[in-house]
Participant: 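Structure below; questions to follow.
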Amino acid sequence: MTDSWATFGADLHLEPVGQGLRSGLMEALREAVRSGRLAPGTRLPSSRVLAADLGVARNTVADAYAELVAEGWLTARQGSGTRVAQRSAPRRTDPAAAPSRPARSGAGYNLKPGSPDLSAFPRTAWLKAARKALTAAPDEAFGYGDPHGRVELRTVLAEYLARARGVYADPERIVICSGFAHGLTLLGRVLRRRGVRDVAVESYGLDVHKNLLTDAGLRTPCLPLDEHGSRTGELAALRGAGAVLLTPAHQFPTGVPLHPDRRAAAVDWARSTGGLILEDDYDGEFRYDRQPVGALQGLDPERVVHLGTASKSLAPGLRLGWMVLPRSLVGEVVAAKGVSDWTSGSPDQLTLAEFIASGAYDRHVRSMRLRYRRRRDQLVAALAERAPGIEVSGIAAGLHAVLELPAGAERSVIQAAAFQGLALDGLARYRHPDAPAARDALVICYGSPSESAWAGALDALCRVLP
């Protein structure tokens, strides 16, 4: 096992300007591991020694070490110090050594949509926020919660959503839930009790959302979709629809924003019919090549329910989401939720409130926006070099891209990927049963792999593309 880092010390070129001392140190260490200058098992100097060498605060080095341990680049054990983690290199196909039997059943890499990079969860900053929030928490915060959610969180969310997403909100309009699915379930119950029978959904989207509405006793006719988003002008033709579920900022999975004329058409339909728009703003904070697309709710707060979560910006395991409701709907949703908050723990709500109020949430989103944009650019560059016939779309925002395939190739590519240990989803996976098949494509989530797994996942993807 390597026990010296002496040859590494002279090669550590820290560039703090623009990215900060801690971020610069972390990237320098990652690059040293990637390049092999820091071999697996190498013991790193203590935070005190390295801080003295670099002329930075010890906490800066300690925080960088902690983040890299959380990401899997380093390991830290009592009595053994901080070392470079044992990491296997990405598998590459050697035609001369091709396996004679199917590869392992478990996926080595996962590019399916649904999750951000979980290794990037800001553990240190979250722990700091939790300590501060719990120290200041009143005793009643540890009892059965108000079904509205903690007022501390609703207050900071109202300010944040107005500033970042253009949402018209005040704390009394906001109800905290345990994620988008929970919020949609509550809304489904309320709509059914109001006599609504049909909720229109986009012709491509998550079947779990459609199923939640179906479980509430609602029918889910599909709304056609094209390069400008859902064709909301056709809502009037869906005679029984009392609500529509849309992803207007960044349609999932096609990745297109809803055209301004169609945003206006959706609101006009809701006003003229008394219908509701359920706005799924699942990754509205991540945009790269375009100006932010404001929330649809800002056009008519009394006809649009704005739903957001921390699942993509932080982590789905937090089980924290929110609904910004029309005033007339607040009481019914709270009643559907119950007399106490059985779903979202008060300590986590208070921690998120402090995390947002302190500015840590904004800093984390900015950091992740840069990381995801870099991965998106690497994806586009790799495809241009290794699969130039593949067209990429839906990449101006969000965490995923759509890769167009030759007609009839979707299923075979997914099967080939599974053979290589790569989990992929095709566009057909998200098609509504009543929607016509349109094209063959892959839906690639470049946001989900960890930093250490991303290069291998990208290489595996390029190998299976036609």
Side-chain angles (χ1 to χ4, degrees), residues 113 161-162 164-169 180 183-184 187 198-207 209-210 213 220-238 241-273 275-309 312-313 323-324 326 392-402 427 430-432 434-436 438-439 441 443:
L161 293 172
R165 301 296 300 125
V167 172
Y168 178 80
F180 180 84
L184 187 61
L187 289 166
D198 293 0
V199 176
V201 297
E202 296 170 312
S203 57
Y204 282 83
L206 287 171
D207 58 358
H209 296 164
K210 178 178 65 66
L213 294 170
T220 55
C222 69
L223 194 61
L225 181 71
D226 59 27
E227 68 275 12
H228 298 299
S230 293
R231 284 154 44 181
T232 54
E234 299 184 24
L235 278 168
L238 301 176
V244 59
L245 175 61
L246 298 174
T247 51
H250 185 231
Q251 202 281 328
F252 184 85
T254 64
V256 298
L258 189 61
H259 190 277
D261 291 345
R262 296 188 179 181
R263 291 162 68 91
V267 172
D268 288 344
W269 166 82
R271 288 171 176 165
S272 64
T273 64
L276 282 172
I277 299 169
L278 312 182
E279 177 183 24
D280 180 1
D281 197 44
Y282 70 100
D283 65 357
E285 292 143 318
F286 297 115
R287 70 271 179 184
Y288 314 118
D289 302 326
R290 70 178 190 212
Q291 291 298 312
V293 177
L296 187 63
Q297 188 262 9
L299 296 179
D300 194 333
E302 300 305 326
R303 299 259 55 97
V304 181
V305 178
H306 179 87
L307 296 104
T309 79
K312 298 298 186 292
S313 56
M323 295 175 278
V324 185
V392 189
S393 62
I395 58 173
L399 308 181
H400 73 275
V402 177
L427 188 61
Y430 301 101
R431 181 168 58 85
H432 190 286
D434 297 334
R439 65 198 209 254
V443 184

Participant: Is the closest side-chain heavy-atom distance between Y430 and D207 below 4.5 Å?
Facilitator: no

Participant: Please collect all side chain to side chain donor-acceptor pair (under 3.5 Å) contacts where either partner lies in residues 264-273, sequence neighbours excluded, each pair once.
Facilitator: R271-D300

Participant: Any heavy-atom pair between the side chains of L427 and P253 that's under 4.5 Å?
Facilitator: yes

Participant: Can you tell me how far the CG atom of L238 sits from the CG atom of D198, to the nearest 0.5 Å?
Facilitator: 8.0 Å

Participant: State, yes or no, whether a side-chain contact exists between T232 and V244 at a heavy-atom distance under 4.5 Å.
Facilitator: no

Participant: How would you list, by chain and number, every residue that makes a salt bridge (Lys or Arg N to Asp or Glu O under 4.0 Å) with R303, sequence neighbours excluded?
Facilitator: none

Participant: Is a donor on one side and an acceptor on the other found under 3.5 Å between the side chain of Y168 and the backbone of L299?
Facilitator: no

Participant: V324 versus L161: any side-chain heavy-atom pair under 4.5 Å?
Facilitator: yes

Participant: Within the distance-only criterion (no hydrogens, no angle test), does the side chain of Q297 pair as donor or acceptor with the backbone N or O of H306 below 3.5 angstrom?
Facilitator: no

Participant: So how far is it from D434 CG to C222 SG, rounded to the nearest 0.5 Å?
Facilitator: 5.5 Å

Participant: List the atom of V167, the atom of A295, and the distance in Å for their closest heavy-atom pair.
Facilitator: CG2-CB, 3.5 Å

Participant: Once you round to the nearest 0.5 Å, how far does CG of L245 lie from CG of L187?
Facilitator: 9.5 Å

Participant: Can you tell me how far CG of L184 sits from CE of M323, rounded to the nearest 0.5 angstrom?
Facilitator: 9.5 Å

Participant: Closer than 3.5 angstrom, by distance alone: can the side chain of E202 be matched with the main-chain N or O of G205 as a donor-acceptor pair?
Facilitator: no

Participant: Using every non-hydrogen atom in the two residues, find where L246 and A266 come nearest and quote the distance to one decimal.
Facilitator: CD1-CB, 4.2 Å

Participant: Where do V443 and P113 come nearest, in terms of heavy atoms and distance?
Facilitator: CG1-CG, 3.5 Å

Participant: Return the minimal non-hydrogen interatomic distance between R431 and P436, and the atom names on each side.
Facilitator: CD-O, 3.5 Å

Participant: Is the closest side-chain heavy-atom distance between L307 and D280 below 4.5 Å?
Facilitator: no

Participant: Which value, rounded to the nearest 0.5 Å, describes the distance between E302 atom CD and L276 atom CG?
Facilitator: 10.0 Å

Participant: Could you tell me which non-hydrogen atom of L235 sits nearest to which non-hydrogen atom of A200, and how far apart they are?
Facilitator: CD2-CB, 4.2 Å

Participant: Parallel under 30°, tilted from 30 to 60°, perpendicular over 60°: which one fits the rings of H400 and H250?
Facilitator: tilted

Participant: For V304 and L296, which heavy atoms make the closest approach, and how far apart are they?
Facilitator: CG2-O, 4.2 Å

Participant: Would V402 and R439 count as a side chain to side chain contact (heavy atoms under 4.5 Å, CB included) here? Give the steps.
Facilitator: CA-CA 11 Å; V402 177; R439 65 198 209 254; 3.8 Å; yes

Participant: How would you list, by chain and number, every residue that makes a ring pair (Phe, Tyr, Trp, His ring centres under 6.0 Å) with H432, sequence neighbours excluded?
Facilitator: none

Participant: Quick one: salt bridge (charged side-chain N to carboxylate O under 4.0 Å, His left out) pairs with a partner in residues 246-256, sequence neighbours left out?
Facilitator: none

Participant: Tell me if a side-chain donor or acceptor on T247 pairs with a main-chain N or O of F252 at a distance below 3.5 Å.
Facilitator: yes

Participant: Keeping to residues at least two apart or across chains, list the salt bridge (charged side-chain N to carboxylate O under 4.0 Å, His left out) pairs with something in residues 241-264.
Facilitator: D226-R262

Participant: Which residues pass the ring pair (Phe, Tyr, Trp, His ring centres under 6.0 Å) test with H209, not counting sequence neighbours?
Facilitator: F180

Participant: Nearest 0.5 Å please: distance from the CG atom of D281 over to the CZ atom of R165.
Facilitator: 4.0 Å

